[in-house]
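Read through the structure below, which is laid out as structure tokens, and then see the notes.
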Amino acid sequence: MESNSDLVYEGKLIHETSYSRRSDKYQEVEINGIKIDYYDPKNKVVHEIKKSDKHEEAHEWQVKYYLYVLEQNGLTGVTGLLEYPRLHKIQEVTLSDYDRETIRSSMTEIESIINNEQCPNKLPKSRCKNCSYFDFCWSHEIEL
Ligand code: SF4
């Protein structure tokens, strides 16, 4: 779904315009279903750039998950930086034992949802506007 998302496209444009002169320093890393656009191997830092003009807890968990997957693949001691060009803010993200446990338990829950024959209930539409699955969930609705 994300490959067709206007929001993801807009985010990519921000990546390209914000980091156009920094490409040599960073590597793209694709591993176990994640794709990190800007990894700094020298300093072991994941950079995640957000187009949003507000910080969201989900942004932090996205980076924590990247750190978790890297760790599972033998790359330890990596930290993250969440960057908000529109806010001119940068936030450090690290992975704690509590985070590792939360991620493991979320993965178990996700597996259970995937293996369930029934889709989970939709969230209230007001909470869906930034979701990549919006069209999938709501396209059947006829605008009046
Ligand atoms: S649009 Fe996204 S957040 Fe809303 S119900 Fe569907 S999957 Fe959940």
Side-chain angles (χ1 to χ4, degrees), residues 1-20 22-23 25-41 44-144:
M1 284 292 177
E2 291 220 329
S3 60
N4 296 324
S5 163
D6 288 344
L7 289 165
V8 171
Y9 178 70
E10 194 184 338
K12 274 189 179 145
L13 279 181
I14 286 198
H15 276 230
E16 281 157 17
T17 51
S18 303
Y19 278 69
S20 56
R22 295 169 67 175
S23 55
K25 190 176 161 189
Y26 299 98
Q27 289 179 354
E28 188 178 275
V29 176
E30 237 178 312
I31 187 167
N32 290 161
I34 63 166
K35 186 172 159 201
I36 300 168
D37 291 322
Y38 296 99
Y39 177 60
D40 173 355
K44 294 172 89 172
V45 178
V46 168
H47 293 257
E48 176 62 26
I49 308 146
K50 290 296 176 199
K51 70 180 184 67
S52 168
D53 54 11
K54 71 171 186 203
H55 168 264
E56 288 176 30
E57 198 182 345
H59 299 160
E60 265 181 70
W61 281 108
Q62 178 187 358
V63 177
K64 283 173 192 278
Y65 184 64
Y66 289 169
L67 303 181
Y68 178 83
V69 171
L70 292 174
E71 193 175 87
Q72 293 297 301
N73 284 277
L75 203 50
T76 56
V78 179
T79 57
L81 287 177
L82 253 177
E83 307 190 15
Y84 296 87
R86 285 181 179 165
L87 295 175
H88 303 289
K89 276 196 174 168
I90 295 177
Q91 181 187 331
E92 186 175 23
V93 180
T94 56
L95 190 67
S96 68
D97 285 342
Y98 170 80
D99 298 330
R100 289 180 186 92
E101 192 45 50
T102 304
I103 287 169
R104 279 192 280 269
S105 123
S106 296
M107 288 168 74
T108 305
E109 201 179 332
I110 289 165
E111 285 293 332
S112 142
I113 291 170
I114 289 170
N115 293 322
N116 197 323
E117 304 234 327
Q118 298 293 319
C119 278
N121 292 330
K122 288 190 282 194
L123 293 180
K125 199 173 178 181
S126 59
R127 292 180 58 190
C128 301
K129 73 179 167 66
N130 288 330
C131 179
S132 304
Y133 294 92
F134 187 90
D135 287 345
F136 180 78
C137 289
W138 297 103
S139 62
H140 65 285
E141 289 216 335
I142 299 166
E143 300 270 343
L144 295 175

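Not measured: the values here are computed from a predicted model. Whatever order the structure lists them in is the order used to number ligands and atoms, beginning at 1.
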Kindly determine whether Ser96 and Asp99 satisfy side chain to side chain donor-acceptor pair (under 3.5 Å), including the steps that lead there.
-> CA-CA 5 Å; Ser96 68; Asp99 298 330; 3.0 Å; yes

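We find the OG-CD distance between Ser106 and Glu101 to be 9.5 Å, quoted to the nearest 0.5 Å.
By the 6.0 Å contact criterion, NZ on Lys89 is open, its count of non-hydrogen atoms from other residues, nucleotides or ligands being 12 or less. Shown here is Glu28, whose CD atom has more than 12 heavy atoms of other residues, nucleotides or ligands within 6.0 Å.
Residues Lys50 and Gln91 bring no donor and acceptor atom of their side chains to less than 3.5 Å of each other.
Shown here are the protein N/O/S atoms lying under 2.8 Å from atom 6 (Fe) of ligand 1, water excluded: Cys137 SG.
Under the 30°/60° scheme for interplanar angles, the aromatic rings of His59 and His55 are found to stand perpendicular.
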